[in-house]
Amino acid sequence: MKYTWSVAQELMRTVSPAFGNQRRVVRDTTFNGFHIPRGWQVLWVTTTHKDKDIFRHPEKFDPSRFKGGSSAPPFSYVPFGGGQHICPGYDYIRILSLVVVHHLILNYQWSETVADEPVTRNPFAYPAMGLPIKLYRRIES
């Protein structure tokens, strides 16, 4: 299950479940030389997941980068948000996803229904048709 969670984390790094979010600025602040007045809405996006200064070879799918947890700096790996705004269902979805993946691997096999499905980029690479599959219950021998 530890490796399965590493695979899930790497998948969330490459295709984040949340593209970003909006926040209202609570006090005047400056970011990268830009003044942002109190009350403005700001949009943050998860561009840090692909930053080569944070993740070595970010274009490579490598679950081993999460072996023993993430070594990324705080708030640079945020598939569920972070700090006081972290998703309250984070622990639940972690357990649920591990149980579902475990059950699928042990009890089913699958095949793609669309051969050579094109990839769309909006804003991240994603199967154009959502990667439909057929599930087949494994027959015990």
Side-chain angles (χ1 to χ4, degrees), residues 1-140:
M1 289 283 200
K2 288 179 183 179
Y3 185 72
T4 302
W5 185 241
S6 293
V7 170
Q9 286 181 291
E10 180 66 352
L11 183 60
M12 289 184 291
R13 186 194 65 80
T14 58
V15 183
S16 186
F19 173 71
N21 207 335
Q22 291 184 353
R23 292 283 180 254
R24 183 173 304 279
V25 178
V26 295
R27 64 179 175 275
D28 286 0
T29 189
T30 301
F31 182 77
N32 281 352
F34 293 96
H35 175 69
I36 306 170
R38 177 178 176 231
W40 274 28
Q41 290 281 330
V42 294
L43 170 69
W44 61 267
V45 294
T46 55
T47 58
T48 55
H49 293 186
K50 307 279 177 124
D51 189 326
K52 67 179 187 285
D53 294 329
I54 297 170
F55 294 102
R56 190 170 178 218
H57 305 295
E59 72 287 349
K60 182 180 176 192
F61 188 83
D62 181 13
S64 68
R65 75 175 85 233
F66 289 99
K67 186 178 180 180
S70 174
S71 62
F75 303 109
S76 59
Y77 175 69
V78 289
F80 293 99
Q84 65 182 349
H85 298 289
I86 194 165
C87 174
Y90 169 73
D91 287 328
Y92 172 71
I93 198 63
R94 176 182 173 169
I95 292 168
L96 182 64
S97 62
L98 288 172
V99 168
V100 167
V101 168
H102 180 77
H103 179 71
L104 283 172
I105 289 172
L106 288 180
N107 298 306
Y108 293 89
Q109 57 189 31
W110 55 85
S111 63
E112 295 178 53
T113 59
V114 179
D116 300 319
E117 180 178 3
V119 173
T120 182
R121 285 172 175 72
N122 188 17
F124 299 114
Y126 192 80
M129 295 170 207
L131 192 63
I133 60 170
K134 284 186 181 181
L135 287 175
Y136 305 94
R137 187 144 183 94
R138 289 187 189 271
I139 299 172
E140 295 191 29

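Everything numeric in this text was worked out from a predicted model, so none of it was measured. Atoms considered below: every heavy atom in the structure, side chains included; atoms not considered: hydrogens, waters and symmetry mates. This chain uses plain numbering: 1 for the first residue, then up along the sequence.
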Residue pairs, two or more places apart or on separate chains, that pass side-chain hydrogen bond (donor to acceptor under 3.5 Å, both in side chains) and touch residues 106-115: His103-Asn107, Tyr108-Arg137
Do His49 and Val15 pass the side chain to side chain contact (heavy atoms under 4.5 Å, CB included) test, and can you show the C-alpha distance, the side-chain angles, and the key distance before you say yes or no? CA-CA 9 Å; His49 293 186; Val15 183; over 6 Å; no
Check: Thr4 and His102 side chains under 4.5 Å, non-hydrogen atoms: no
Residue pairs meeting side-chain hydrogen bond (donor to acceptor under 3.5 Å, both in side chains), one or both in residues 28-38, sequence neighbours left out, come to none
Can you tell me which residue pairs pass the salt bridge (charged side-chain N to carboxylate O under 4.0 Å, His left out) test with a partner in residues 69-95, sequence neighbours excluded? none
Considering all heavy atoms, the nearest Leu98-Trp5 contact: CD2-N, 3.7 Å
Atom OG of Ser76 and atom CG of Asp53: how far apart are they, to the nearest 0.5 Å? 11.0 Å
In this structure, NZ of Lys67 is separated from CG of Asp62 (nearest 0.5 Å) by 11.0 Å
Is there a side-chain contact between Pro37 and Val25 in this structure, where contact means two heavy atoms from C-beta onward sitting under 4.5 Å apart? no
Report the residues that fulfil ring pair (Phe, Tyr, Trp, His ring centres under 6.0 Å) with Tyr90, sequence neighbours left out, ordered by chain and then residue number. Phe80
Determine which pairs satisfy salt bridge (charged side-chain N to carboxylate O under 4.0 Å, His left out) with at least one residue from residues 1-16, sequence neighbours left out, and list them in order. Glu10-Arg13, Glu10-Arg65
My understanding is that only residues two or more places apart in sequence, or in another chain, count here; which of them pass ring pair (Phe, Tyr, Trp, His ring centres under 6.0 Å) with Phe66? Tyr77
Taking atom CZ of Arg27 as the centre, does the number of heavy atoms from other residues, nucleotides or ligands within less than 6.0 Å exceed 12? no
If I take atom CZ from residue Phe75 and atom CH2 from residue Trp44, how far apart are they, to the nearest 0.5 angstrom? 10.5 Å
From CG (Leu131) to CE (Met129), nearest 0.5 Å: 11.0 Å
Donor-acceptor contact present, side-chain Arg24 to main-chain Gln41, <3.5 Å: no
Answer whether the closest heavy-atom distance between the side chains of Ile54 and Pro73 falls below 4.5 Å. yes
Which heavy atom in Pro63 sits nearest to a heavy atom in Ser6, and how many Å separate them? O-CB, 3.4 Å
